Enquirer: 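Next up is a structure, given as structure tokens.
Note that the structure is a prediction, hence the values are computed from the model and not measured. Lettering of chains follows the sequences in order, A, B, ..., and the numbering in each one begins at 1.
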Amino acid sequence: MNINITFPDKSVKEYPLNISPLEIAESISSGLVRQVITAKINDKLVDLNNKIMEDASIELYKFDSKEGQEIYWHSTAHLLAQAVKELFPDIKVAIGPAIENGFYYDFDKEIPFTDDDLVKIEEKMKELSKQNLEYERKEISREDAIKIFSEIKEDYKVELLEEIPEGETISLYSQENFTDLCRGPHLPHTGKIKAIKLLKTSGAYWRGDEKNKMLQRIYGISFPSNKELKKYLHDLEEAKKRDHRKIGKELDLYSISDDIGAGLVLWHPNGGMMRSIIEDFWKEQHFKNGYQIVYSPHIGKSELWETSGHLEFFTENMYQPIAVDEQEYYLKPMNCPFHIKIYNSQKRSYRELPLRWAEMGTVYRYEKSGALHGLMRVRGFTQDDAHIICTPQQLDEEIEKVLIFSLEMLKAFGFKDFQIKLSTMPEKAVGKKEDWDKATESLRKALEKYEIKYRLDEGAGAFYGPKIDIDIKDALNRAWQCSTIQFDFNLPTRFNMTYIGADNNPHPPFMIHRALLGSIERFFGTLIEYHAGNFPLWLCPIQVKVIPISEHYEEYAEKVNNQLKENGIRSEVDHKNEKIGYKIREAEIQKIPYMFIVGEKEKDSQTVSVRRHLKGDLGSFKLDEIISKIQEEISEKI
RNA sequence: GCCGACAUGGCUCAACGGUAGAGCACUCGACUUGUAAUCGAGCGGUUGUGGGUUCGAUUCCUACUGUCGGCACCA
């Protein structure tokens with residue numbers, strides 16, 4: 001008896017009943033047999049030896065697909081666990097999934113793994129992979145599975161099994177004498193795993209809960225060829241060169257000093273210049289978008305933070321109070337209470353709304369030491385904060401406006417690649433359900449109206465309201481939340497905010513917190529990594545370095561420099577008594593976009609020889625000509 | 001906060017149970033230079049901080065501080 005197999009291109013071929021995806025691959029090409037990792041039969045991923053018992057659609061996946069990689073890495077995780085169990089029979093295994101880049105496996109081991117252990121484990125994995133051990137699937141009852149894992153004292157597996165709902169298929173995968181609870185599918189055998197690298201170890205809580213035991217995690221990656229592994233490791237090294245902490249030091253942008261305190265940032269003149277440009281642009285854009293600027297102090301009395309609820313809910317993130325005149329003052333962890341106080345300073349009419357109040361507000365939060373990270377996670381930072389206070393009728397329009405504003409802002413700085421998520425009501429929340437629904441709906445509508453791709457994060461909203469967050473990834477692919485648009489159903493009530501409606505009655509307004517860049521510090525960190533320090537011209541602290549060939553041309557160099565300055569271009573003359581090659585090298589390392597080389601020729605013809613960072617010599621230009629070219633580049637923000 | 005690793009001049013890094021060395025940077029001198037490092041000399045460190053072991057520690061132990069990689073947190 002035969003069955004019909006439909007391929008992704010809609011072509012249909014006839015095969016004998018009980019044929020496997022691997023056999024189908026064999027019928028196509030030997031190259032495919034070598035490369036195929038998994039198959040989707042009727043939209044379900046299966047092992048390659050899975051028998052097909054009816055007419056079906058098929059899709060074969062190689063390592064170049066997301067599906068293929070996931071299965072490949074997941075199988076490598078099993079191989080890792082097998083190797084670890086062989087070397088350390090007493091440890092217990094927990095879980096080991098594939099992740100975005102590679103895989104990990106968590107183990108319960110009293111003494112953490114050492115670097116030497118890692119080397120040994122990797123060797124063992126390679127040894128096991130050469131043995132072409134088959135990944136065998138077996139479906140069994142829950143009782144039997146619990147029995148099996150209880151006998152071998154794999155408590156974590158038993159715990160997982162006990163939580164699998166009744167009636168669900170339970171499958172085990174074994175290679176040789178190692179058996180793991182797993183949904184699968186897997187590679188046909190370990191021999192498919194050619195190149196393996198264990199990357200790092202770390203502690204990780206069982207089931208991601210701080211209250212649980214800390215397990216030992218091993219991260220790794222694998223590829224079908226050594227060449228791909230090498231490339232991956234090379235790319236990783238390259239990515240590390242874009243680290244804002246490294247570039248921040250090299251370009252003298254900022255520093256963080258132990259003597260001042262962890263997570264407290266010093267902005268050096270170069271970084272300060274960039275920050276000032278960013279802030280000027282920010283302010284200009286806010287005025288254009290109907291915002292008003294407010295300012296508020298860095299500290300406030302304890303009563304304020306009691307009213308706001310921060311002392312109750314946020315206290316472990318706040319610095320200790322300062323006692324003055326029998327009063328306690330706290331450094332502000334947020335700006336909102338101050339903006340609300342401005343609002344409450346007079347009776348508000350619906351005719352005034354919406355109000356959009358923005359502030360570059362510097363806040364202090366006591367972040368846990370382990371959370372600190374360069375500019376990305378600090379203890380003192382300046383939020384580009386704003387609060388929008390409006391009526392329910394104005395909600396949709398305000399959300400749309402702020403969403404578009406925020407995307408335009410990121411685009412102005414060159415960001416094209418970011419992830420947007422919509423977070424909805426968590427289990428513990430304040431405020432009326434109907435307000436939550438209205439607000440969430442408003443956020444969702446705005447995203448959909450502009451066809452913005454987003455991920456729905458159910459239950460991940462703040463306790464006080466739903467939100468849209470925009471994450472930007474750093475050089476090592478770690479996501480950092482920058483923009484955020486959050487509703488607040490907590491503070492307006494706590495501070496009893498109202499406006500007088502057309503009906504002459506007081507009504508509670510809607511309040512939206514939003515930060516477009518997030519914080520200047522974090523945003524600057526992502527900006528550095530995104531551009532690898534090769535900033536768009538308009539942001540560069542020094543745009544042109546005028547480099548005289550020798551001391552004889554310093555006068556002409558100064559003349560050029562002055563003309564650049566008069567035209568609003570940030571320039572400097574290199575007065576060092578060095579050869580031209582040295583000075584160019586230095587300017588290149590400093591990533592200065594334009595170098596004007598001036599010597600005899602240039603002086604005589606009143607020109608400059610232009611070199612562009614990373615591009616090289618552009619030839620000779622009349623000064624006016626290159627100045628207008630640069631001005632154009634600056635105004636276009638490219 | 002938790003797990004692990006690490007901490008040497010401004011920077012990058014070396015060395016050692018017997019009180020530290022290189023390159024770059026910086027200063028001075030010579031050279032007067034044509035698109036990624038000219039040569040020479042000099043300056044610069046009580047080896048993160050405190051305690052302990054030792055005849056002697058920067059090296060070994062310990063606590064703290066900080067950094068790095070994860071985990072957790074992220075109003």
Side-chain angles (χ1 to χ4, degrees), chain A residues 104 106 109 111-115 117-118 199-219 240 243 245-246 249-250 252 255-263 308-310 312-318 333-337 363 365-374 376-377 383 460-465 467 469 476 478 480-481 484 486 488 490-491 513 515 518 522 547-554 576-590 595-602 609-620:
Chain A
Y104 69 77
D106 286 348
K109 180 174 185 290
I111 303 158
F113 293 106
T114 64
D115 287 351
D117 292 340
L118 236 54
L199 296 165
K200 59 199 175 196
T201 57
S202 96
Y205 300 106
W206 166 235
R207 306 196 126 184
D209 190 335
E210 210 175 2
K211 291 185 214 82
N212 290 341
K213 181 164 187 184
M214 183 161 262
L215 307 174
Q216 297 303 321
R217 175 172 297 179
I218 296 177
Y219 286 92
K240 282 182 188 160
D243 192 314
R245 293 165 298 188
K246 187 171 153 64
K249 200 179 281 177
E250 286 164 357
D252 197 17
S255 64
I256 295 172
S257 162
D258 193 11
D259 301 333
I260 296 166
S308 70
H310 284 90
E312 197 178 334
F313 299 110
F314 201 61
T315 179
E316 75 272 24
N317 280 293
M318 288 167 74
M334 291 182 203
N335 305 300
C336 355
V363 297
R365 297 183 188 173
Y366 190 80
E367 297 286 353
K368 287 180 183 170
S369 58
L372 298 174
H373 183 99
M376 303 300 200
R377 191 82 176 264
Q383 292 182 307
F463 79 82
Y464 51 77
K467 58 176 184 170
D469 291 325
L476 292 177
R478 296 171 291 208
W480 298 95
Q481 184 193 305
T484 187
Q486 319 188 336
D488 193 323
N490 180 43
L491 292 179
H513 307 263
R522 177 177 290 181
I547 304 175
I549 296 280
S550 80
E551 283 171 298
H552 303 307
Y553 312 106
E554 291 212 353
K576 275 216 179 72
N577 185 10
E578 288 288 353
K579 287 180 121 169
I580 187 76
Y582 179 94
K583 291 193 264 196
I584 283 171
R585 178 182 151 81
E586 204 164 58
E588 285 284 353
I589 288 170
Q590 287 299 304
M595 286 150 272
F596 286 4
I597 287 90
V598 294
E600 189 73 29
K601 249 183 354 208
E602 290 76 14
S609 183
V610 178
R611 182 187 166 100
R612 179 79 226 236
H613 173 55
L614 299 176
K615 283 197 187 134
D617 197 349
L618 300 185
S620 171

Enquirer: Under 3.5 Å, is there a donor on one side chain and an acceptor on the other for E316(A) and Y366(A)?
Expert: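 Checked: E316(A)/Y366(A) side chains show no N/O donor-acceptor pair below 3.5 Å.
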Enquirer: Treat primed atoms plus P, OP1 and OP2 as sugar-phosphate and everything else as base, then score nucleotides 61-72 of chain B 5' to 3': B for base contact with protein heavy atoms under 4.0 Å, S for sugar-phosphate contact only, - for none.
Expert: ----SSSSBBBB
Enquirer: Could you tell me which non-hydrogen atom of R612(A) sits nearest to which non-hydrogen atom of M595(A), and how far apart they are?
Expert: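 So the two residues come closest at C-CE, 4.2 Å.
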Enquirer: Quantified in whole Å, what is the P atom distance between nucleotide U38(B) and nucleotide G34(B)?
Expert: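 Result for the P pair: 11 Å, nearest Å.
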Enquirer: Between N317(A) (CG) and G1(B) (C1'), how many Å, whole number?
Expert: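 Distance check: N317(A) CG to G1(B) C1' gives 12 Å.
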Enquirer: With P as the reference atom in both, quote the distance from G9(B) to U58(B) in angstrom, rounded to an integer.
Expert: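 Rounded to whole Å, the distance is 15 Å.
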Enquirer: Taking the P atom in each of A37(B) and G70(B), what is the distance between them to the nearest angstrom?
Expert: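 Looking at atom P only, A37(B) and G70(B) are 36 Å apart.
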Enquirer: Tell me every residue that passes side-chain contact (heavy atoms from CB on, under 4.5 Å) with T201(A), counting only those two or more places apart in sequence or in another chain.
Expert: F113(A), L118(A), I218(A)
Enquirer: Rounding to the closest angstrom, what is the interatomic distance between G66(B) and U49(B) at atom P?
Expert: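 Looking at atom P only, G66(B) and U49(B) are 15 Å apart.
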Enquirer: Going by the rule side-chain contact (heavy atoms from CB on, under 4.5 Å), which residues pair with K576(A) if we only count those two or more places apart in sequence or in a different chain?
Expert: D574(A), E578(A), Y582(A), K583(A), E586(A)
Enquirer: Would you measure the distance from the P atom in A41(B) across to the matching atom in A25(B) and give it in whole Å?
Expert: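 To the nearest whole Å, 15 Å.
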Enquirer: Only counting residues at least two apart or in another chain, list the ones meeting side-chain contact (heavy atoms from CB on, under 4.5 Å) with A460(A).
Expert: S423(A), D457(A)
Enquirer: What's the shortest heavy-atom distance between K109(A) and P112(A), and which atoms?
Expert: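 Heavy atoms only, the tightest pair is NZ-O, 3.8 Å.
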Enquirer: Go through the structure and list residues passing side-chain hydrogen bond (donor to acceptor under 3.5 Å, both in side chains) with D117(A), not counting sequence neighbours.
Expert: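 Checked D117(A) against side-chain hydrogen bond (donor to acceptor under 3.5 Å, both in side chains); matches are T114(A).
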Enquirer: Is it the case that atom CG in L614(A) sees more than 12 heavy atoms from other parts of the structure closer than 6.0 Å?
Expert: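 Counting neighbours around CG of L614(A), more than 12 heavy atoms of other residues, nucleotides or ligands fall under 6.0 Å, so yes.
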Enquirer: Between G48(B) and A20(B), how many Å separate the two P atoms, rounded to a whole number?
Expert: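 To the nearest whole Å, 14 Å.
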Enquirer: Can you check the F314(A) CZ to C73(B) P distance for me, whole Å?
Expert: 15 Å
Enquirer: Could you measure between the two C1' atoms, the one in U59(B) and the one in A7(B), and give it in whole Å?
Expert: 14 Å
Enquirer: What is the nucleic acid contact for Y104(A), judged by heavy atoms within less than 4.0 Å: base, sugar-phosphate only, or nothing?
Expert: nothing
Enquirer: Quick one: label K467(A) by what it contacts on the DNA or RNA (base, sugar-phosphate, nothing), any heavy atom closer than 4.0 Å.
Expert: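 Sugar-phosphate only.
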Enquirer: Produce a footprint string for nucleotides 27-42 of chain B: one letter per nucleotide, 5' end first; B if the base is under 4.0 Å from any protein heavy atom, S if only the sugar-phosphate is, - if neither.
Expert: ----BBBBBBBB----
Enquirer: If the condition is ring-ring contact (aromatic ring centres under 6.0 Å, His included), which residues does F596(A) pass it with, not counting sequence neighbours?
Expert: none
Enquirer: Take atom C1' in U12(B) and the same atom in C6(B), then report the distance between them in whole Å.
Expert: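 Result for the C1' pair: 16 Å, nearest Å.
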Enquirer: Salt-bridged, D106(A) to R217(A), with N to O below 4.0 Å?
Expert: yes
Enquirer: Of all residues at least two apart in sequence or in a different chain, which pass the salt bridge (charged side-chain N to carboxylate O under 4.0 Å, His left out) check with K368(A)?
Expert: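 So K368(A) forms a salt bridge (charged side-chain N to carboxylate O under 4.0 Å, His left out) with E210(A).
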Enquirer: For a quick check under 3.5 Å, do Y553(A) and E602(A) share a side-chain donor-acceptor pair by atom type?
Expert: no
Enquirer: Which dot-bracket string describes RNA chain B (Watson-Crick N1-N3 plus N6-O4 or O6-N4, or G-U N1-O2 and O6-N3, all under 3.5 Å; [ ] crossing; | other strand)?
Expert: (((((((..((((....[..)))).(((((.......))))).....(((((..]....))))))))))))....
Enquirer: side-chain contact (heavy atoms from CB on, under 4.5 Å) with N212(A): which residues, sequence neighbours excluded?
Expert: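 Result, side-chain contact (heavy atoms from CB on, under 4.5 Å) vs N212(A): W206(A), R207(A), D209(A).
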Enquirer: Using ring-ring contact (aromatic ring centres under 6.0 Å, His included) as the criterion, list what pairs up with H613(A), not counting sequence neighbours.
Expert: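 Listed in chain order: nothing, the list is empty.
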Enquirer: For nucleotides 10-12 of chain B, tabulate all protein N/O to nucleotide N/O atom pairs closer than 3.5 Å, reporting atom names and distance.
Expert:
residue	atom	partner	partner atom	Å
U12(B)	OP1	K249(A)	NZ	3.3

Enquirer: Report the residue (R522(A) or D115(A)) whose heavy-atom-nearest nucleotide on RNA chain B is the more 5′ of the two.
Expert: D115(A)
Enquirer: In this structure, how many angstroms lie between the C1' atom of C13(B) and the NZ atom of K246(A), rounded?
Expert: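 Distance, rounded to whole Å: 13 Å.
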